[in-house]
Protein chains: 2
Amino acid sequence: MTHPPKRPLTLRDVSEASGVSEMTVSRVLRNKGDVSEATRTKVREAAKRLGYVPNKIAGALASQRVNLVAVIIPSLKNMVFPEVLSGISEVLEDTGLQPVVGVTDYLPEKEEKVLFEMLSWRPSGVIIAGLEHTEASRAMLAQSGIPVVEIMDVDGEPVDTCVGISHRRAGRMMAEAIINAGYRKIGFMGTKMPLDHRARKRFEGFTRTLAKAGIEIADQEFYSGGSALAKGREMTAAMLERSPDLDFLYYSNDMIGAGGLLYLLEQGIDIPGQVGLAAFNGVELLDGLPRQLATMDACRREIGQRAAQVIADRHGGRDTGESVHSLSPTLAYGDTLRRP
Amino acid sequence: MTHPPKRPLTLRDVSEASGVSEMTVSRVLRNKGDVSEATRTKVREAAKRLGYVPNKIAGALASQRVNLVAVIIPSLKNMVFPEVLSGISEVLEDTGLQPVVGVTDYLPEKEEKVLFEMLSWRPSGVIIAGLEHTEASRAMLAQSGIPVVEIMDVDGEPVDTCVGISHRRAGRMMAEAIINAGYRKIGFMGTKMPLDHRARKRFEGFTRTLAKAGIEIADQEFYSGGSALAKGREMTAAMLERSPDLDFLYYSNDMIGAGGLLYLLEQGIDIPGQVGLAAFNGVELLDGLPRQLATMDACRREIGQRAAQVIADRHGGRDTGESVHSLSPTLAYGDTLRRP
DNA sequence: ATGAAAGCGCTAACAA
DNA sequence: TTGTTAGCGCTTTCAT
């Protein structure tokens with residue numbers, strides 16, 4: 001066992017150990033330029049023997065190139081964003097680019113801080129959730145000089161490019177399906193709005209479409225914090241107590257919808273006869289529930305893939321044409337929403 | 001609207017714009033050294049007006065200091081790791097250190113790659129899940145010269161420091177509780193083992209303790225992929241079909257346990273009389289289930305906090321004494337495991 | 001309180 | 001195919 005070095009090894013150490021110039025060592029380690037097979041192996045051996053780990057900081061400064069892509073999302077606990085992330089990783093995997101994740105907790109000021117922090121590492125691109133940012137954040141993005149992809153949402157003006165679905169349209173589609181199925185007394189449950197613009201837009205699309213059909217939300221409740229499943233259960237119980245004549249419940253996310261579903265089944269309520277249910281996201285979790293909850297797929301993985309593709313293309317000098325990539329969510333009726 | 005710059009701004013630009021030397025600008029932007037209030041504001045204004053974003057790459061190279069902590073985990077979809085991460089973020093928040101996440105997908109070679117990649121950015125510390133790594137990974141960690149904390153598990157030899165629970169002991173505790181409650185025909189369901197050392201250790205602790213009491217696992221099944229909730233449901237149905245005389249089902253994680261619970265309730269099976277259930281992790285999700293599933297808390301948030309604390313302390317020059325931080329999981333009987 | 005000079009460890013560009 | 005020379009944009013150190 002050799003003694004752990006206080007000073008990390010440098011190219012110079014490998015150069016001396018292998019009797020080859022630093023420049024050539026650098027070339028070998030990056031597989032760049034022509035190097036004879038002989039020196040190649042000599043260098044590789046020395047590097048491995050010493051346990052050399054290159055210093056990307058120095059490399060990045062010298063080459064003015066950083067293979068990082070900043071990915072800025074509101075939360076990791078949401079089930080939704082990990083899926084977007086795997087879409088991103090999947091595509092970046094074979095491009096030499098690497099995602100680096102920053103979390104904002106849905107706070108605009110924290111987003112600004114995280115963005116500033118990440119931009120100061122001079123990444124090759126930014127993927128950031130949502131179209132709503134502070135003035136300063138938008139300015140930073142616009143000034144950054146690197147490809148910027150805003151994801152999840154297309155209802156608004158992107159700084160550069162966006163990939164997502166229209167949440168207003170998603171809300172509208174769901175409202176139409178519910179109306180067409182004959183439901184009329186509709187309750188809504190969701191997260192507290194100011195935090196989540198996409199939930200807000202779905203709600204807007206939803207209520208406006210109902211309004212056009214002369215229907216008003218009969219009851220509504222908003223929550224924050226705690227186990228979403230438990231919250232869904234509690235809110236549903238409370239709402240049905242308060243407004244026993246409701247014939248439909250629309251939930252802003254699948255977890256609270258699942259909680260509501262479990263509650264209603266326990267109460268022996270006829271679904272979707274007496275009460276219909278629908279939610280939003282299409283998370284995998286729903287597959288294990290006693291009934292298939294009606295929901296709308298948010299195209300999470302595909303959003304991640306497309307966003308990463310845009311970054312990769314632009315990084316490779318290819319242009320991607322369109323600045324708005326609008327995907328189409330699909331409605332799953334499941335067992336809790338009557339078909340028209 | 002000024003034209004977006006092709007070349008990112010440098011200290012020099014701010015220096016010229018404010019009529020102050022680069023050095024002084026640098027001092028202002030880092031709040032270091034004595035600078036008169038007058039120049040301070042002058043510089044701040046110029047920086048803000050120009051939209052200057054410092055270049056951390058150059059800063060890190062010059063100062064030989066990087067405020068990043070590499071966090072390497074197997075997956076983000078697991079519900080478990082996001083919680084560990086928030087424990088980490090929470091503590092690092094007020095230390096000036098920033099977590100950077102790398103994901104290994106439970107693959108040792110990918111872990112090695114990710115580790116190499118992250119170490120090449122010369123972080124101030126490493127937090128990495130598990131005690132099992134490739135030879136090369138261990139060597140890199142040992143050679144890195146920075147604090148290394150292996151988390152989640154304490155059954156083994158840490159390279160440097162570890163923070164976690166003993167999964168063998170967790171398995172043993174659960175086996176003892178089940179035996180004491182009088183159950184005898186026990187079925188096990190879990191993930192395919194080779195991927196997950198901690199699940200494997202729990203299983204080992206579990207079976208050994210049963211063996212000492214003269215009990216053998218009566219049936220077992222392992223899965224991989226798919227919706228865990230649905231898998232739990234399917235596996236439970238299949239197992240009870242196959243082995244109708246089972247009186248207890250132990251699941252290696254809460255999601256499949258929840259799936260099993262939902263299935264059994266639908267079948268009208270008496271829980272915990274006819275069949276008892278228990279799982280592992282204590283995830284928040286369980287709060288919304290019709291019955292409280294017996295489980296064992298894995299101390300996820302606390303593990304994150306302690307690990308981050310170790311890094312922060314060592315980074316600040318403080319020594320943390322012990323190299324093994326063993327936390328104690330607590331057993332929650334819930335409604336699905338008879339008390340002794 | 002401010003500035004000037006000398007690198008940090010690497011790579012681009014050129015030379016041999 | 002290999003080596004040499006200048007930086008990359010900042011911070012450290014030492015003057016002033």
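Within every chain, numbering begins at 1; the chains are lettered A, B, ... in the order of the sequence lines, protein sequences first and strands thereafter. When reading the values below, keep in mind they use all heavy atoms of this one structure, side chains included, and skip hydrogens, waters and symmetry mates.
Under 3.5 Å, the side chain of B:Arg27 and the base of C:dG3 form at least one donor-acceptor pair of N or O atoms.
Nearest to the side chain of B:Met23, among C:dC8, D:dT1, C:dA4, sits C:dA4. Relative to the side chain of A:Ser63, the nucleotides C:dT11, C:dG9, C:dT2 differ in distance, and C:dT11 lies closest. Out of C:dC10, D:dG3, D:dT1, the shortest distance to the side chain of A:Asp34 is found at D:dT1. Closest to the side chain of A:Ser26, out of D:dT11, D:dT2, C:dT11, is C:dT11. For A:Arg30, taking side-chain heavy atoms from C-beta onward, the closest of the listed nucleotides D:dG9, C:dA12, D:dT11 is C:dA12. Here C:dC10 is the nucleotide among D:dG3, C:dC10, D:dC10 with the atom lying nearest to any side-chain atom of A:Ala62.
Remark: A:Glu109 does not engage A:Lys113 in a salt bridge, criterion side-chain N to carboxylate O under 4.0 Å. The pair A:Arg7-A:Asp13 counts as a salt bridge, with a side-chain nitrogen and a carboxylate oxygen less than 4.0 angstrom apart.
Between the CZ atom of A:Arg7 and the P atom of C:dC8 there is a distance of 11 Å, rounded to whole Å. Rounded to whole Å, the distance from CD1 on A:Ile57 to C1' on D:dT11 is 13 Å. Rounding to whole angstrom units, CH2 of residue A:Trp121 and P of D:dG9 are separated by 15 Å. Summarising the geometry, the separation between CG on B:Leu29 and P on D:dT12 is reported as 14 Å, rounded to the nearest angstrom. Atoms CG (B:Leu11) and P (C:dC8) sit 19 Å apart, rounded to a whole Å. For the pair B:Leu61 CG and D:dG7 P, the computed distance is 17 Å after rounding to whole Å. Atom P of nucleotide D:dC8 and atom CG of B:Asp13 are separated by 13 Å, given to the nearest angstrom. Straight-line distance from the CD atom of B:Glu22 to the C1' atom of C:dA6: 14 Å, rounded to whole Å.
Each of A:Met118, A:Met152, A:Glu111 was compared with A:Ile128 under the side chain to side chain contact (heavy atoms under 4.5 Å, CB included) criterion, and only A:Glu111 meets it.
Counting heavy atoms of neighbouring residues, nucleotides and ligands inside a 6.0 Å radius, atom CZ of B:Arg12 does not exceed 12 of them.
The side chain of B:Thr24 places an N or O atom within less than 4.0 Å of a non-bridging phosphate oxygen (OP1 or OP2) of C:dG3. Within the structure, a side-chain polar atom (N or O) of A:Tyr52 is placed less than 4.0 Å from OP1 or OP2 of C:dC10. The phosphate of D:dT4 (OP1 or OP2) has no side-chain N or O of A:Ser21 nearer than 4.0 angstrom. An OP1 or OP2 oxygen of D:dC8 is reached within less than 4.0 angstrom by no side-chain nitrogen or oxygen of A:Arg65. Between B:Gln64 and the phosphate of C:dG9, there is a side-chain N or O to OP1/OP2 separation shorter than 4.0 Å.
Residues A:Arg138 and A:His133 have side chains that never bring a donor and an acceptor to within less than 3.5 angstrom of each other.
Mapping A:Ala60 and B:Thr39 onto DNA chain C via the closest heavy atom, the residue that lands nearer the 5' end is B:Thr39.
Between atom CD1 of residue A:Ile127 and atom CD1 of residue A:Ile72 there is a gap of 10.0 Å, rounded to the nearest 0.5 Å.
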